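Right, one structure below, let's go through it.
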Amino acid sequence: MNAPPDDAVRAVEAALFAAETPMTAGALAACVGPGIDIAAALARLRQDYAGRGINLVERGGRWHFQTAPDLAHLLRRERAEPRQLSRAAVETLAIIAYHEPVSRAEIEAIRGVQISKGTLNVLMEAGWIRPAGRREVPGRPLLYATTPAFLSHFGLASRRDLPGIDDLAAAGLLDPVESTMLTLEMAKASPED
């Protein structure tokens, strides 16, 4: 069994654990103070941590603790990167939410500009919209609708909980002209579940 570490070894160990980035021997010496044999402390720590869940390693003259290579698979996590939606994606999502089911041509008519296929793909990858069948007209365009994940993400029980014109105007998000135009448009397509 190994002898308990002395104060010098403990000081170097604490400095390495607290460090945000790997440290050079010089940085460790500056951190723990003069009179400590940094090389001996590092050798002792490397020996003490050999075969454990973490190891002391040196990479390019810098020292740090890392997960033992044979255990790294246990700690690997998939991390979702938060993505900012473009203005086009936000507008498209709002149109789909308020007018579903809606075709791409209808979305473009409401927005007044074409949308890229990538915009719809981003919303589908987020799980907020889904294909909802085809309209029974020539060309049979694909229709889009929101998903339960959309409702969950935005804290809505149903589409009826989407803010109305009065709510948006009260929040200062619409000017009077937009409010009047949207009231007319929304009267044509009231939300259904």
Side-chain angles (χ1 to χ4, degrees), residues 18-22 53-54 59-60 62 64-193:
E20 292 180 16
T21 59
I54 58 172
R59 302 271 188 269
R62 297 178 181 277
H64 69 278
F65 287 104
Q66 75 176 23
T67 303
D70 62 322
L71 299 176
H73 69 281
L74 297 174
L75 302 175
R76 196 168 320 252
R77 293 189 183 127
E78 302 245 347
R79 186 174 64 171
E81 293 293 324
R83 288 171 73 172
Q84 291 259 334
L85 291 180
S86 67
R87 180 180 175 129
V90 171
E91 290 173 358
T92 301
L93 181 60
I95 290 167
I96 293 170
Y98 280 100
H99 297 279
E100 70 180 61
V102 63
S103 70
R104 179 188 188 112
E106 292 166 332
I107 295 168
E108 290 172 348
I110 293 168
R111 283 193 68 226
V113 294
Q114 287 188 339
I115 58 172
S116 70
K117 185 173 183 174
T119 300
L120 293 171
N121 288 342
V122 165
L123 295 173
M124 283 196 275
E125 285 173 13
W128 293 343
I129 66 168
R130 63 178 172 75
R134 295 189 176 273
R135 190 161 317 276
E136 293 297 327
V137 297
R140 296 185 36 94
L142 187 61
L143 300 174
Y144 297 95
T146 57
T147 65
F150 164 81
L151 296 174
S152 175
H153 182 83
F154 290 99
L156 303 169
S158 73
R159 286 185 46 240
R160 288 189 181 112
D161 294 334
L162 286 168
I165 300 297
D166 295 336
D167 299 326
L168 295 172
L173 298 173
L174 295 177
D175 64 29
V177 173
E178 287 176 323
S179 179
T180 304
M181 291 175 62
L182 279 174
T183 301
L184 295 173
E185 277 189 37
M186 290 179 72
K188 296 177 192 173
S190 60
E192 299 172 10
D193 284 341

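Every value quoted in this text rests on a predicted model; they were computed, and no experiment measured them.
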Enter the distance from Arg87:CZ to Arg111:CZ here, rounded to the nearest 0.5 Å. 8.5 Å

Residue pair Arg135 / Pro101: nearest heavy atoms and the distance that separates them: NH2-O, 3.4 Å

Between Trp128 and Thr146, is there a side-chain heavy-atom distance shorter than 4.5 Å? no

Given side chains that start at C-beta, do those of Leu85 and Leu123 come closer than 4.5 Å, heavy atoms only? yes

Considering all heavy atoms, the nearest Ser116-Arg104 contact: C-NH2, 3.5 Å

Can you name the closest pair of heavy atoms from Arg159 and Ala97 and give their distance? NE-O, 2.7 Å

Please check: side-chain N/O of Thr147 versus main-chain N/O of Gly127, any donor-acceptor pairing under 3.5 Å? yes

If you take all heavy atoms of Met124 and Pro131, which pair is closest and at what distance? SD-CD, 3.9 Å

Is the shortest side-chain heavy-atom distance between Phe150 and Ile129 below 4.5 Å? no

Test side-chain contact (heavy atoms from CB on, under 4.5 Å) applied to Ile107 and Val113, Thr92, Thr119, the passing residue: Thr92

Shortest non-hydrogen pair, Pro22 vs Arg62, comes out as CB-CB, 3.6 Å

Under 3.5 Å: donor-acceptor pair, side chain of Glu108, backbone of Ile115: yes

Using a 4.5 Å cut-off on heavy atoms from C-beta on, say whether the side chain of Arg134 contacts that of Ser103. no

Let's go through Gln66 and Arg59 carefully: what are the C-alpha distance in whole Å and the side-chain angles of both, what is the deciding distance for side chain to side chain contact (heavy atoms under 4.5 Å, CB included) to 0.1 Å, and is it a yes or a no? CA-CA 11 Å; Gln66 75 176 23; Arg59 302 271 188 269; 3.4 Å; yes

Begin from the C-alpha positions of Ile96 and Ile110 and carry the test side chain to side chain contact (heavy atoms under 4.5 Å, CB included) through to its verdict. CA-CA 10 Å; Ile96 293 170; Ile110 293 168; over 6 Å; no

